[in-house]
Amino acid sequence: MAGKGKFSRTVINYAVKYGPLAYEAVKHGREPAQRAVTNALARQGNRRQALRHAGTVVDGSVLRVFHRGEQVWVVFARDAPIAAYPGVDRPLPELLEHADLNQRVRPGEEPAKRLPTGLPVRVPDAVRKLLPRRRG
């Protein structure tokens, strides 16, 4: 094959030049991504744990509120708050001071996730560029 040696030299030159930079980018980019996935799984676990707890008390329900930018699931027995997942350093009545208590969810009554039923009226430009053109 003609040009095989030149191609090899070019690849080696780029590997030597940009290899350490690529290694550092992957090394430092992996940690924030892993942290984000861990946080997302923890949030889902907190919700599930709160719903399980609410299922074991009389007339249990849960309410999502935010404390310092993080979501907190508060468990209620009738109208009294009894626990928070994850735990917070503020008293529960103070955490719920401005919350809308009508938004509480009972175990088993979670709204089903809706799937899109129809196609969008207007196809985004980025998708249109990828679709093959129809000749007609």
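Keep in mind the model is a prediction, meaning the values are calculated, not measured.
Between Leu63 and Ala99, the shortest heavy-atom distance links the atoms CD2-CB, 4.0 Å. Closest of all the heavy-atom pairs between Pro107 and Gly60 is CD-O, 3.4 Å. Contact between Pro86 and Val72 at its shortest, heavy atoms only, is O-CG1, 3.8 Å. Between His67 and Asp89 the shortest heavy-atom distance is NE2-OD1, 3.3 Å. Taking each heavy atom of Trp73 and Ala50 in turn, the nearest pair found is CB-CB, 3.7 Å. Annotation for His53 and Ala83: closest pair CE1-CB, 3.7 Å, computed over non-hydrogen atoms.
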Could you please spell out the steps behind the side chain to side chain contact (heavy atoms under 4.5 Å, CB included) verdict for Val57 and Arg78?
-> CA-CA 9 Å; Val57 297; Arg78 293 197 174 103; over 6 Å; no
Go through the steps for Asn13 and Val16 under the test side chain to side chain contact (heavy atoms under 4.5 Å, CB included), then give the verdict.
-> CA-CA 5 Å; Asn13 286 339; Val16 168; 5.8 Å; no
What do the steps show when you test Tyr85 against Val62 for side chain to side chain contact (heavy atoms under 4.5 Å, CB included), and what is the final call?
-> CA-CA 10 Å; Tyr85 295 95; Val62 296; over 6 Å; no
Arg43 and Arg47: side chain to side chain contact (heavy atoms under 4.5 Å, CB included), yes or no, with the steps?
-> CA-CA 6 Å; Arg43 281 193 303 268; Arg47 178 180 176 275; over 6 Å; no
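Between the CD1 atom in Ile12 and the CZ atom in Phe7 there is a gap of 10.5 Å [rounded to 0.5 Å].
One hydrophobic cluster, built from ILVMFWY side chains closer than 4.5 Å, holds both Val74 and Val88. Note on Leu95 and Leu101: same hydrophobic cluster, where clusters join Ile, Leu, Val, Met, Phe, Trp and Tyr whose side-chain heavy atoms are under 4.5 Å apart, directly or indirectly. Criterion: ILVMFWY side-chain heavy atoms under 4.5 Å apart, direct or through other members. Under it, Leu51 and Leu96 are not part of a common hydrophobic cluster.
For the pair Asp79 and Arg104, the salt-bridge criterion is met [side-chain N within less than 4.0 Å of a carboxylate O].
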